Amino acid sequence: MNLYDCSKISDGASSLIIASQEGLKKCGIDRSVAAEVIGLGEAEEDITAPPADPTALRTSAFAASKALEQAGITKEQVGTLELHDCFTITALLALEALGYAKKGEAAQYILEGNTAPYGILPTNLSGGLGGFGHPTGATGVRQLVDLLHQLTGKAAHTISLKHPFGLMLSMGGNDKTVTALVITKG
Amino acid sequence: MKKLRKKIYVAAGYNTVFCGPGRNEFDPSKPLRPFEDYLQETAKGTCAQLQQQAIDEGIIGSFMSGRFLKQANLPGFLPFIVPELHNKPCTAVEGACGTGGRAIAMAMRSVLSDLSDVVFVVGFEMQNVVKSVYGSDILAGAAYYSKERKFGDAFFFPGIFAKRAGAYFDAYGEPATRQGMAKWYEQAIQNARKNPKAQEYQNTTKDLFGLAMTPPDPEHLFPT
């Protein structure tokens with residue numbers, strides 16, 4: 001890899017609230033500016049063991065499939081993705097882990113424009129970890145903030161999504177500590 | 001897989017500028033913006049979106065503040081940035097670069113279990129307080145440090161994922177993969193240019209794809 005394949009050293013902070021329906025009311029928040037979290041998938045892999053297959057993100061795949069199953073939607077219904085692209089290769093592996101590209105075909109999937117803002121799967125509209133930055137402890141929260149803003153029309157660059165669902169993948173270490181979330185308009 | 005037992009919402013999101021190399025205001029020769037400022041700004045940004053500060057609980061996520069900032073006991077910063085959290089449950093979460101995701105999941109559990117109706121979640125990190133090669137050693141704590149570090153590269157995680165890239169090149173071919181990686185970089189910067197708080201918002205490189213196709217130098221991560 002070269003320097004441009006790597007997310008940069010970064011400082012930053014992000015925040016949000018997680019609330020019940022009653023909680024939204026207590027805070028005086030209208031549901032039109034909130035998003036509902038409908039799928040949560042968490043998975044952990046043994047940190048002492050090397051990856052069984054270095055060309056695959058198996059823990060990410062497991063977490064994402066759990067989140068989609070709980071949400072009751074298919075991957076084709078996802079309108080926008082926020083992937084953990086700490087390195088460019090990680091983005092390719094994540095697209096394959098989520099099943100959007102077959103093994104070995106993620107590069108072609110990207111080159112064809114599928115993940116571009118007006119492609120079939122707009123991905124990392126925020127810029128992702130490579131573009132927005134990656135202050136490690138903030139990143140997962142930042143990903144959900146940007147999905148929320150994209151779904152509620154508050155993003156700096158909001159686009160029209162084909163489907164009202166967003167999926168994020170938050171990954172710790174070498175595909176060891178993974179959380180996937182599916183959200184939809186509130 | 002069961003559906004969530006009750007409706008859960010996310011709202012009042014806020015990001016600070018993500019600052020570091022690439023931002024015009026970043027000058028490592030001058031004092032950095034204090035981490036307390038980042039925390040206060042984001043908390044203010046979230047709380048300003050609430051008509052009533054009916055927050056029941058706080059969760060703070062950070063990966064390596066104990067080493068970057070020599071600061072632990074992070075829950076104590078929650079009442080500092082959200083006064084409503086005085087004398088309420090506050091917890092710190094750590095899961096390496098996946099810290100934020102786990103902090104959100106923990107907040108969801110609290111709401112799902114009826115312990116709280118509103119949980120404030122914040123994530124932060126300050127990495128520019130040390131030079132990048134030292135920061136790489138700190139971030140290597142996301143791996144199995146005692147066994148993996150001494151075999152790793154100076155820039156540890158770039159080395160870890162370079163090995164994944166190398167295996168992928170061997171399995172599926174390098175030229176097309178490198179082009180896909182370069183296209184990803186180009187897309188990331190183009191998207192960041194539309195987000196004023198992004199670290200690469202001010203990136204003015206014209207040929208992003210060409211730059212990203214720079215052949216890797218196994219001896220130097222940074223161009224010499």
Side-chain angles (χ1 to χ4, degrees), chain A residues 1-2 4 6 8-24 26-29 34-37 42 47-48 54-55 69-70 87-89 91 104 107 110-111 125 127-128 130-133 135-142 145 148 156-157 170-174 177 179, chain B residues 1 7-9 11-13 15-16 18-20 38 42 46 50-52 54 61-63 95-101 107 111 117-119 122-128 132 142 144 158 161-162 164-165 167-168 172 176-177 180-181 183-185 188 191-192 194-195 198-200 212 214 216:
Chain A
M1 294 195 304
N2 63 37
Y4 312 101
C6 309
K8 291 180 175 177
I9 296 297
S10 188
D11 302 335
S14 296
S15 57
L16 48 79
I17 64 157
I18 295 293
S20 64
Q21 200 161 1
E22 184 64 25
L24 281 189
K26 286 181 185 173
C27 291
I29 297 173
E36 184 180 351
V37 185
E42 296 172 275
I47 196 172
T48 70
T55 69
E69 186 184 345
Q70 185 167 64
F87 302 97
T88 55
I89 187 67
I110 295 163
L111 288 164
L125 293 163
F132 203 100
T136 40
T139 290
V141 181
R142 195 279 305 156
V145 169
L148 166 69
H157 177 63
S170 168
M171 184 181 82
N174 191 3
T177 303
T179 306
Chain B
M1 173 76 65
K7 286 185 177 290
I8 302 281
Y9 294 90
N15 297 321
T16 69
F18 279 17
C19 197
Y38 282 99
T42 198
T46 286
L50 314 184
Q51 288 181 24
Q52 291 88 37
S62 179
F63 170 27
C97 303
T99 291
V111 175
D117 274 321
V118 182
V119 183
V122 59
F124 85 104
E125 206 77 60
M126 295 287 293
Q127 300 178 325
N128 286 295
S132 59
Y144 186 25
F161 279 88
R164 279 190 180 269
Y168 195 94
Y172 304 113
T177 305
M181 291 161 69
K183 188 70 180 174
W184 185 268
Y185 171 79
N191 284 335
K194 297 168 187 165
N195 287 294
Q199 189 163 348
E200 297 287 349
T214 304

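Labels below follow one simple rule: chain letters A, B, ... track the order of the sequence lines, proteins then strands, and each chain is numbered from 1. Everything numeric in this text was worked out from a predicted model, so none of it was measured.
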Tell me, side chain or backbone of A:I29 under 4.5 Å from chain B's heavy atoms, or both, or neither? side chain
Distance, nearest 0.5 Å, that separates OG1 of A:T139 from CD of B:E125: 8.5 Å
May I have the step-by-step check of side-chain contact (heavy atoms from CB on, under 4.5 Å) for B:R164 and A:N174, ending in yes or no? CA-CA 10 Å; B:R164 279 190 180 269; A:N174 191 3; 2.7 Å; yes
Proximal component of B:F18, with respect to chain A [non-hydrogen, under 4.5 Å]: both
Polar side-chain atom of B:E200 near backbone of A:G131 as donor-acceptor pair, under 3.5 Å: no
With respect to chain B, which residue among A:G140, A:A35, A:G23 yields the maximal number of heavy-atom pairs within a distance under 4.5 Å? A:A35
Give the member of B:G20, B:C97, B:G61 that has the highest number of heavy-atom pairs under 4.5 Å with chain A. B:C97
Against chain A, work out which of B:A198, B:G100, B:A162 has the most heavy-atom pairs shorter than 4.5 Å and name it. B:A198
Taking all heavy atoms of B:N15 and all of A:S14, pick out the closest pair and write down the distance. OD1-OG, 2.7 Å
Considering non-hydrogen atoms only, spot the tightest contact between A:S170 and B:G98 and give its length. OG-CA, 3.4 Å
Would you compute the distance between atom CD1 of A:I110 and atom CH2 of B:W184 and round it to the nearest 0.5 angstrom? 5.5 Å
Partner chain B: residue of A:A156, A:G128, A:G130 with the largest heavy-atom pair count (under 4.5 Å): A:A156
Inter-residue atom distance A:I89.CD1 - B:T177.OG1, 0.5 Å rounding: 6.5 Å
For chain A, which candidate among B:S62, B:A54, B:A96 shows the most heavy-atom pairs at distances under 4.5 Å? B:A54
Evaluate whether atom NZ of B:K7 has more than 12 neighbouring non-hydrogen atoms of other residues, nucleotides or ligands under 6.0 angstrom away. no
Proximal component of B:V111, with respect to chain A [non-hydrogen, under 4.5 Å]: side chain
Residue, of A:T179, A:T88, A:D11, that accumulates the most heavy atom pairs under 4.5 Å with chain B: A:D11
State whether the side chain of B:Q199 and the backbone N or O of A:I9 hold a donor-acceptor pair below 3.5 Å, judged by distance alone. yes
Side-chain donor or acceptor of B:T16 paired with backbone N/O of A:G12 under 3.5 Å: no
Could you tell me which non-hydrogen atom of A:A13 sits nearest to which non-hydrogen atom of B:F124, and how far apart they are? CB-CB, 3.7 Å
Closest non-hydrogen atom pair between B:A142 and A:I47, with its separation: O-CD1, 3.6 Å
Per-residue contact mode, A:L148 against chain B (heavy atom under 4.5 angstrom): side chain
Side chain to side chain contact (heavy atoms under 4.5 Å, CB included) partner of B:Y9, the single match among A:L24, A:V37, A:I18, A:I17: A:L24
Most chain B-contacting option - heavy-atom pairs closer than 4.5 Å, from A:T136, A:V141, A:V145, A:T55: A:T136
Would you say B:N191's side chain and A:F132's backbone share a donor-acceptor pair under 3.5 angstrom? no
Report the distance from atom CG of B:N128 to atom NZ of A:K8, rounding to the nearest 0.5 Å. 10.5 Å
Side-chain contact, heavy-atom cut-off 4.5 Å: A:M1 with B:P216? no
Rounded distance [0.5 Å steps], OH in B:Y185 versus SG in A:C6: 11.0 Å
Once you round to the nearest 0.5 Å, how far does OH of B:Y144 lie from OG1 of A:T48? 6.0 Å
